[in-house]
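One-based numbering, in listed order, for ligands and for the atoms of each. Being a predicted model, the structure only gives us computed values, none of them experimental.
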Amino acid sequence: MSRYWSAIARGLTPYVPGEQPKLANLVKLNTNENPYGPGPAVLAALRDAVGDELRLYPDPGAEELRSAIAAAHGVKTEQVFVGNGSDEVLAHAFLALLKQDAPVLFPDITYSFYPVYCGLYQIPYREIPLDDDFAIRVDDYLGQANGGIVFPNPNAPTGRLLARAEIERLLLGNSGSVVLVDEAYIDFGGESVVPLIERYPNLLVVHTLSKSRALAGLRVGYAIGQADLIEALTRVKDSFNSYPLGRLAQAGARAAMADRAWFDASREKIMRSRDRLVGELVGMGFEVLPSGANFVFARHSGHDGAALAAALRERGIVVRHFRRPARIAAFLRITIGTDPQCDALSRALREILGQCG
Ligand code: PMP
C-alpha cells in the first residue's frame, strides 16, 4: 500500500492463480493444463510466424483467426470475439454486458475470477448456492431481477455439467439479461450451447484454447454470440488495447482451430484417463463428483483436503486445494494428466491413505 495508490487499487482483492512451481520433475496436476501439448501443425505455424514480420503490429481485428474459429463452430466471423486468454474475454464481457444496475448472478462455488471482475469494475453481484450435490439449480436463477448470469459449464472447480435443456430454461427465463456460459472445459464430454446463439440474442459463450487445445502458454480465448453482443466486446477492447493478441498467438491459434484431428485425439485420451482415474479414486474410498472436465473434484471422508494436498506435494505431486468456501475444503481438484502421471498420483495417494490409517 502506498499513498500513490488509487482508491480502486486499494480496494481490490485480486485473483490468486494456481501455482506455477519452479521445481523440475513435479507431477503438475494443479492448473488444468493439457499434458499432451499442441500438435505439429501449431508448432510449424509458430515457427513460420517468427520472422521479419514481428517488427510489424499484428492485425488488430484478428480477422483470419476469427474466421478460423467461426469455421470450426459453423458461425459467422462477426459472431466471434478473441482476446488474450478467456480471462480477458470474460473481463471485457463483465464491463461491456454484465455491468448493470441489478446484480450479476453466479454460483457460490465457481470460477473465483468472477467476483474479482465485479470488484474491479464495481459491479453488484449475488452468489446463488449450489444444491447439496454441488449442482446448479436453474430454478434459483428464475424470477429475480439481475444484470446478467455467468457460470462455467462444466462448472469449476466441481466439474459438474448442466444439461443443455436446463440452460435453455435459464435463457428463456432471463430474456432481459445476458447469460454468459463459460465453456472453458466443454470439450471433455459436454454439449456446447454455441448452436443456440441464433435463437437466443442474450447468449454469450466463452471458450479457451488453454485446455482442450493445449495452448495455455499462448493466451487465446474467444466469445461467440450474436453480432451486437460481439460489437459491445469490441468497443471495450478497442478502448483498452488494440493489439491484445500478437502475431504468434494469432498464427498458433489459427492452426490449432484448423487441426481437428489433434484436438479430438488429445481430448479423447484425456477423457479415457479420467474414467480410469475415477475408478482408481473410488476404489480408494474417494467420493468423486461426476466430471465433464479435464479435472476431477474428489474428497475422502476422514481425511483433510489440505493435509492430503501437502502430503502429495512432499511426494512431488501438486494438485489444487481450496480452503474456502468451507463446503469444499475437504476436496482436491486434480487435473487429468497422462496415464503415467495419474498412476503416480494413485500410488502416492494409496501410500498416504495407508500411512494415515
Ligand atoms: N474459465 C474457467 C472456468 C477457468 O477455469 C479458466 C482457467 N483458469 C478460465 C476461464 C481462463 O482460462 P484462460 O484465461 O487460460 O483462457
Does even one non-hydrogen atom of K211 get within less than 4.0 Å of ligand 1?
yes
Using ring centroids (six-membered ring only for Trp), state whether F94 and Y121 fall under 6.0 Å.
no
Basic-acidic side-chain contact under 4.0 Å: R267, D264
yes
So the atoms of ligand 1 within less than 4.0 Å of a heavy atom of T208 turn out to be 13 (P), 15 (O), 16 (O)
Contact atoms of ligand 1, heavy-atom distance to R219 under 4.0 Å:
13 (P), 14 (O), 15 (O)
Apply ring-ring contact (aromatic ring centres under 6.0 Å, His included) to the pair F106 and Y117, showing each step before the final yes or no.
CA-CA 12 Å; F106 47 79; Y117 295 132; over 10 Å; no
Distance to 0.1 Å, residue and atom name: give those for the protein heavy atom nearest to atom 1 (N) of ligand 1.
D182 OD2, 2.7 Å
Considering the heavy atoms of D87, write down every atom of ligand 1 situated less than 4.0 Å from one of them.
9 (C), 11 (C), 14 (O)
Contacting atoms of ligand 1, where contact means under 4.0 angstrom from a heavy atom of S210:
13 (P), 15 (O), 16 (O)
Which pair of heavy atoms, one from S175 and one from N202, lies closest together, and at what distance?
CA-ND2, 3.6 Å
What pairs of residues pass the side-chain hydrogen bond (donor to acceptor under 3.5 Å, both in side chains) test when at least one of them lies in residues 319-337, not counting sequence neighbours?
N32-T335
When you measure from atom 10 (C) of ligand 1 to each heavy atom in G85, A216, S86, G18, which option holds the nearest one?
S86
So for ligand 1, is Y15 a polar contact partner (N or O within less than 3.5 Å, distance only)?
no
Can you list the ligand 1 atoms lying under 4.0 Å from a non-hydrogen atom of A184?
1 (N), 2 (C)
Return the set of residues passing side chain to side chain contact (heavy atoms under 4.5 Å, CB included) with E280 (not counting sequence neighbours), or none when no residue passes.
M284, S346, R350
Please write down residue, atom name and distance for the protein heavy atom closest to atom 8 (N) of ligand 1.
Y111 OH, 3.2 Å
Test of ring centre spacing under 6.0 Å for F188 and Y185
no
Distance filter under 4.0 Å to Y185 heavy atoms, resulting ligand 1 atoms:
3 (C), 4 (C), 5 (O), 7 (C)
Test of understanding: clusters of I, L, V, M, F, W, Y form through side-chain heavy atoms closer than 4.5 Å, transitively. Do F331 and L308 belong to the same one?
no
